[in-house]
Amino acid sequence: MNKVVIANFKMNKTIDETLNYVKALSKKLKPNVTVGFCPPYTALASAVKDTKESGILVGAQNIHEEDKGAYTGEISASMVKETGATFTLVGHSERRKYNKETDKVVNTKIMKALKAGLEVVLCIGESLNERNRNETNDVLTRQLYAGLKDVYGNELKYISIAYEPVWAIGTGKIPTVKQIEEAMKIIRNNITALYSKELAGNMVVLYGGSVDPVNSKEISKVKGVSGALVGGAGLDPDKFGDIIANFS
Ligand code: PGA
């Protein structure tokens, strides 16, 4: 199975900057690594055109939980789908924190994405307090059970999980190999309990949080890790290219 490496631009890059990024990134692809990125909404449609030749996937960073209506500033799953983007992140910790997204909202968004024909990267992860209180297992289990509520086993192929410890995002701190390995085990054990061992084995589970060209070498070898979700280092095509190479 190909490794999967995705860059989350967050609120960075214009349409023009995204085009330049795609030009540079296209030279850094590896045949055994699936590469994607999530630009701001404004650059989605153009990014889909820019990436046509390269096979790079384009996704949104978020969708709204309703189909349409009076939600100023929001964007629906079908609007994202119409741009040609093929997937969306759901439940990123910055959305959970700044936009008060609950597990219930995250679940509704997943259902809307699937209905619109978008694949999903479901982001989960514990805060530093939760880790210090030994609650990592409980938090990941809760986020998975609530997030995947009403998702059928035959829909699981459209869903990937990104394990992103909140304390590792944008901080330069990363968990130990053992901690990542444990989180991967917790996630796959929960998928086994909810669905089956086979589906748990096939599930794409990414690690995210301060992934860079150096630490990605070690992270890529951690048992159970299928790839990476990259923020800061994913903005630079050279650095992101090095991360892709480490996963190849
Ligand atoms: P970071 O962000 O790589 O800058 O820590 C990761 C993310 O938020 O997905």
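Every number for a ligand or one of its atoms is a count from 1 in the order of the listing.
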Asker: To the nearest 0.5 Å, what is the distance between OH (Y207) and CD1 (I174)?
Answerer: 6.0 Å
Asker: What residue and heavy atom of the protein are closest to atom 3 (O) of ligand 1, and at what distance?
Answerer: G231 N, 2.8 Å
Asker: Please could you name the atoms of ligand 1 that H92 approaches to less than 4.0 Å, counting only its heavy atoms?
Answerer: 7 (C), 8 (O), 9 (O)
Asker: What I want to find out is whether K23 reaches D50 closely enough, with some N-O distance under 4.0 Å, to be called a salt bridge.
Answerer: no
Asker: Nearest protein heavy atom to atom 9 (O) of ligand 1, by residue and atom, and its distance?
Answerer: E164 OE2, 2.6 Å
Asker: Pick one of side chain, backbone, both or neither for how A168 approaches ligand 1, counting any non-hydrogen atom pair under 4.0 Å.
Answerer: backbone
Asker: Give the atoms of ligand 1, by number and element, whose distance to some non-hydrogen atom of G209 is under 4.0 Å.
Answerer: 5 (O)
Asker: Applying a strict 4.0 Å limit to heavy atoms, is G208 in contact with ligand 1?
Answerer: no
Asker: Take every heavy atom of A233, measure it against each atom of ligand 1, and state whether any distance is under 4.0 Å.
Answerer: no
Asker: Should V230 be counted as touching ligand 1, given the test is an N or O pair under 3.5 Å?
Answerer: no
Asker: How far is atom 4 (O) of ligand 1 from its nearest protein heavy atom, and which residue and atom is that?
Answerer: G232 N, 2.8 Å
Asker: Give every residue pair that meets the ring-ring contact (aromatic ring centres under 6.0 Å, His included) criterion with at least one member in residues 229-248, sequence neighbours excluded.
Answerer: none
Asker: Pairs in or reaching into residues 146-162: which pass salt bridge (Lys or Arg N to Asp or Glu O under 4.0 Å), with residues at least two apart or in two chains?
Answerer: none
Asker: Answer yes or no: does an N/O atom from E94 fall short of 3.5 Å to an N/O atom of ligand 1?
Answerer: no
Asker: Test D67 against every option in K81, K112, K109 by the salt bridge (Lys or Arg N to Asp or Glu O under 4.0 Å) rule and name the one that passes.
Answerer: K112
Asker: At a 4.0 Å threshold, what atoms of ligand 1 neighbour a non-hydrogen atom of S210?
Answerer: 1 (P), 3 (O), 5 (O)
Asker: Does any N or O atom in L229 lie less than 3.5 angstrom from one in ligand 1, N or O only?
Answerer: no
Asker: Linking I/L/V/M/F/W/Y whenever their side-chain heavy atoms sit closer than 4.5 Å, directly or via other members, would I124 and M111 fall into one cluster?
Answerer: yes
Asker: Would you check if the side chain of N215 reaches a backbone N or O of D212 as a donor-acceptor pair within less than 3.5 Å?
Answerer: yes
Asker: How many angstroms lie between CD in E130 and CG in D138, if you round to the nearest 0.5 Å?
Answerer: 9.5 Å
